[in-house]
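What follows is a short report on a single structure.
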Amino acid sequence: MATLKRFFVDNIGDTCILSGEEFEHAKNVLRLGVGDEVELLDNSGKRYVAVICDVQKRQMTLNVLSVFQGDKEATTKVALAFGYLKNADKNEFIVQKGVELGVQKLVAFSSQYASAYMSDNKLERLNKVSKESAKQCLRDIYPAVTYADTLEKALDDLGEYENKLFACEFAENSEVDLSSLQGSTAIVVGSEGGFSKEEAEIAKAKGFALVSLGKRILRAETACVALTSVVMYSLGELGDKR
Ligand code: SAM
């Protein structure tokens, strides 16, 4: 059964207006018109089935037919914080894979050995990637991507998570058993330059456990996907549909 085309919009009532980029995509790329049904998402976790009832030059109006609670979000909250990389495509890859794997919070951060700089446009682009990836993998919510200009700020932003994992390339072994995680989990992965010993000490002082991903040095984007996958599997989020 073909899935309905999906759009994130604000202010969904009995009717809804689709405008801007989502309108352009619906009308000019997907060639949608009056009578076509679509799925609308307002980032609340609810899903709305709606039918296009009017198309204007810059917007279309839809009538909402039904609403139901989505079921695609992870039951356990997982956050992924990653050192902002020089290569924009790799940052987008990390965001895209984090969304597909079900994380509900994404934080890009700068650190001692990171040499890439964030801008409002770049951050906006990463949030667009999050939205598009959530639509593609049938999620009901797209996680916001935020930026922390220091590692400490990123770590503090994750203070509420029960499990705090700091992927450390120079850790001899992991200080936590990844096979039996329970509860909300924060993951921190360094940039190309990795972490300094002082940064690892700061993380430990803030309650983070050092995690080893084995004896090989993984690229930052590989480490993000690998550790997030292990965490999601351990939490029961990568396996039988529940
Ligand atoms: N510049 C570092 C070096 O040469 O040792 C490598 C940094 S690595 C490209 C980027 C990040 O991935 C690291 O900061 C760490 O968070 C994670 N990472 C990569 N390999 C890892 C491993 N074997 N164990 C734990 N974390 C790892």
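Along the sequence shown, residues are numbered consecutively beginning with 1. Indexing begins at 1, ligand by ligand and atom by atom, following the structure's order. The structure displayed is predicted, hence computed values, not measured ones.
- Checked options Val55, Val38, Val51; the residue passing with Leu62 is Val38 (criterion: side-chain contact (heavy atoms from CB on, under 4.5 Å)).
- Atom 11 (C) of ligand 1 has as its closest protein heavy atom Gly190 O, 3.4 Å.
- The protein atom (non-hydrogen) at minimum distance from atom 2 (C) of ligand 1 is Glu169 OE2, 3.8 Å.
- Looking at Lys135 and Glu132, a side-chain N of the basic residue comes within less than 4.0 Å of a carboxylate O on the acidic one, giving a salt bridge.
- The distance from ligand 1 to the heavy atoms of Ala223 drops below 4.0 Å at these ligand atoms: 12 (O), 17 (C), 18 (N).
- Annotation: Leu218 places an N or O atom under 3.5 Å from an N or O atom of ligand 1; distance criterion only.
- Among the atoms of Ser191, none of the N or O lies under 3.5 angstrom from an N or O of ligand 1.
- Remark: the backbone N or O of Cys224 is paired with a side-chain donor or acceptor of Thr228 at under 3.5 angstrom.
- Salt bridge status for Lys105 with Asp157: present, with a side-chain N to carboxylate O gap under 4.0 Å.
- Of the protein's heavy atoms, Leu213 N, 2.8 Å lies nearest to atom 24 (N) of ligand 1.
- Counting heavy atoms from C-beta outward, Leu85 and Phe93 have side chains that stay 4.5 Å or more apart.
- Contact between Gly83 and ligand 1 is absent, with no heavy atom of the residue lying under 4.0 Å from the ligand.
- In summary, the atoms of ligand 1 found under 4.0 Å from a heavy atom of Glu192, numbered by their order in the structure, are 1 (N), 6 (C), 7 (C), 9 (C).
- Salt-bridge annotation for Asp71 and Arg47: present, with a side-chain N of the basic residue lying under 4.0 Å from a carboxylate O of the acidic one.
- Distance alone, capped at 3.5 Å, places no donor-acceptor pair between the Glu37 side chain and the Val49 backbone.
- In this structure, Lys197 satisfies the cation-pi test against Phe170, with its NZ or CZ atom closer than 6.0 Å to the six-membered ring centre and inside 45 degrees of the ring normal.
- A side-chain donor-acceptor contact under 3.5 Å links Glu22 to the backbone of Phe8.
- Every atom of ligand 1 is numbered from 1 in the order shown, and the set under 4.0 Å from a heavy atom of Arg216 is 20 (N), 22 (C), 23 (N).
- On a distance-only criterion, Ile217 and ligand 1 share no N/O pair closer than 3.5 Å.
- Of the protein's non-hydrogen atoms, Ala167 O, 2.7 Å is the one closest to atom 16 (O) of ligand 1.
- Atoms of ligand 1 found under 4.0 Å from any heavy atom of Cys168 (numbered from 1 in listed order, with element): 24 (N), 25 (C), 26 (N).
- The N/O atoms of Val188, backbone and side chain alike, include none that comes under 3.5 Å of an N/O atom in ligand 1.
- Residue contacts with ligand 1: Leu227 is excluded, as none of its non-hydrogen atoms falls under 4.0 Å.
- The backbone N or O of Pro143 lies less than 3.5 Å from a partner atom in the side chain of Ser130, making a donor-acceptor pair.
- Listed by number with element, the atoms of ligand 1 under 4.0 Å from a non-hydrogen atom of Val211 are 25 (C).
- Phe166 and Phe208 have perpendicular rings, their planes meeting at more than 60° on a 0 to 90° scale where under 30° would count as parallel.
- Considering backbone and side-chain atoms together, Ala220 places no N or O closer than 3.5 Å to any N or O of ligand 1.
- Shown here, atom 4 (O) of ligand 1 is out of close reach of the protein: none of its heavy atoms lies under 4.0 Å off.
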